[in-house]
Amino acid sequence: MDTMRDRFAPVVSRLLDEDPRVAVVLAEIGMADFEETRTRHPDRVINVGIREQLLVGAGAGLALTGLRPVVHTFASFLVERPFEQVKLDLGHQGVGAVLVSAAASFDWPAGGYTHMAPGDVALLDTLDGWTVHVPGHPDEAETLLRQAVAAGDDKVYVRLSVQSNAEALPVDGSRFLTVREGRAGVVVAVGPMLDGVLAATEGLDVTVLYATTVRPFDAATLRRATETAGTDAVLVEPYLAGTSTSAANDALADLPHRVLALGVGRRELRRYGQIAEHVAAHGLGAGSLRTRIGEFLRAGAGAQS
């Protein structure tokens, strides 16, 4: 199966052919995938070199002219390194772009900590008005990427990963999907975490919600799920643990509730290893998730008895 990033260049190339507003801005990374497209659209396929602040600034400049820029590089170079430009050139100037990242939290361990960005979504949470998509399958990535480009002049972040669920679901760019229903708690699985969560909760009496659009946070679906499943909620996110805790707490603010946040820990792992080793070290494998979710739900049940 191809990866989410394998879909990126073909989809954006088609969008460049279809829509004269679309432009793509790159910082060397991924440029080889656009060489043919660049011959057709030399003025809308732009490579700024390894200058990530300029990458975002150039995208904002294109947006000011009325274009719809798609800006792409690794997450750490797209959100963290040029954060001032994201904040000012896009946000302060009131223009939008589609930021599309690769490498996620630890997709390329050999690249070291410079190429890891578990804090990207949390960092964007400090800014106003961002839509954040976290697809869990290449088909979902294509759907959400097309929606992002078509979203007028909105500010949209699409977080691509090599980690993927086995099957795509019919995502719509807004709502959480109810994948499984139960009565003893709600587990929200974000993007590529779904398969692991389903394996971890097999046989448990829980509702599983699938989130591929995490900002805005779908408070309405979470609240509806708690009407039958109770107000113990578990968030399983493929980035910094606790990123969506405040959003979940806000959604349930008028109800007695508990939230367990599972995700990538803050401790830096200095032996970079392989993706599977990072998943295990952060307790995101199915076995660890089952233990942690089970203990949390049992503690809640014990407190109520």
Side-chain angles (χ1 to χ4, degrees), residues 4-5 8 25 27 29 52-60 63 68-107 113-136 140-141 144-145 147-149 151-161 163 171 173-174 176 188 190-193 211-219 235-251 261-266:
M4 298 181 201
R5 195 173 179 215
F8 170 70
V25 190
I29 294 168
E52 288 80 11
Q53 287 89 347
L54 176 60
L55 176 77
V56 175
R68 182 62 166 158
V70 179
V71 183
H72 174 65
T73 187
F74 290 165
S76 58
F77 304 148
L78 185 64
V79 176
E80 295 178 337
R81 183 170 294 175
F83 181 70
E84 184 178 11
Q85 283 68 39
V86 173
K87 180 177 75 171
L88 299 179
D89 295 1
L90 293 172
H92 182 64
Q93 293 194 114
V95 295
V98 182
L99 305 187
V100 183
S101 70
S105 294
F106 43 72
D107 277 3
Y113 203 53
T114 57
H115 289 69
M116 300 179 186
D120 54 348
V121 177
L123 192 55
L124 286 176
D125 263 352
T126 66
L127 304 178
D128 182 47
W130 280 88
T131 295
V132 178
H133 298 309
V134 187
E140 297 169 1
L144 295 171
L145 180 57
Q147 288 190 13
V149 173
D153 296 314
D154 292 352
K155 300 184 293 292
V156 185
Y157 180 47
V158 183
R159 190 183 204 260
L160 305 184
S161 176
Q163 297 182 74
V171 301
S174 58
F176 296 170
V188 180
V190 176
M193 298 289 95
T212 54
T213 298
V214 295
R215 299 293 183 275
F217 187 87
D218 185 5
L235 305 173
V236 185
E237 302 176 281
Y239 33 76
L240 190 65
T243 295
S244 296
T245 299
S246 62
N249 281 329
D250 288 346
L262 304 178
V264 179
R266 284 174 167 76

Any sub-3.5 Å donor-acceptor pair from Gln85's side-chain atoms to Leu54's backbone N or O?
no
Quick one, Thr126 with Phe83, criterion side chain to side chain contact (heavy atoms under 4.5 Å, CB included). Give me CA distance, side-chain angles, the key distance, then yes/no.
CA-CA 11 Å; Thr126 66; Phe83 181 70; 3.4 Å; yes
Ignoring hydrogens and angles, state whether a donor on the side chain of [X] or [Y] is under 3.5 Å from an acceptor on the partner side chain.
{"X": "Thr73", "Y": "Glu52", "answer": "no"}
{"X": "Thr213", "Y": "His133", "answer": "yes"}
{"X": "Thr131", "Y": "Asp154", "answer": "no"}

Between Trp130 and Leu99, does a side chain to side chain contact (heavy atoms under 4.5 Å, CB included) hold up when you go through it step by step?
CA-CA 10 Å; Trp130 280 88; Leu99 305 187; 3.6 Å; yes
Can you name the residues that form a salt bridge (charged side-chain N to carboxylate O under 4.0 Å, His left out) with [X], not counting sequence neighbours?
{"X": "Asp120", "result": "Arg159"}
{"X": "Glu80", "result": "none"}
{"X": "Asp250", "result": "none"}
{"X": "Arg215", "result": "Asp125"}

Sequence-distant partners of Ala60, side chain to side chain contact (heavy atoms under 4.5 Å, CB included), two or more places apart
Asp89, Leu90, Gln93, Val95
Output all residues satisfying side chain to side chain contact (heavy atoms under 4.5 Å, CB included) with Thr114, sequence neighbours left out; order by chain, then residue number.
none
Could you give me the CA-CA distance, side-chain angles and deciding distance for Val25 and Val70, then say whether side chain to side chain contact (heavy atoms under 4.5 Å, CB included) is met?
CA-CA 6 Å; Val25 190; Val70 179; over 6 Å; no
For the student: nearest non-hydrogen atoms of Leu160 and Arg5, plus distance:
CD1-CA, 4.1 Å
Give a yes or no on whether the ring-centroid distance for Phe77 and His115 is below 6.0 angstrom.
yes
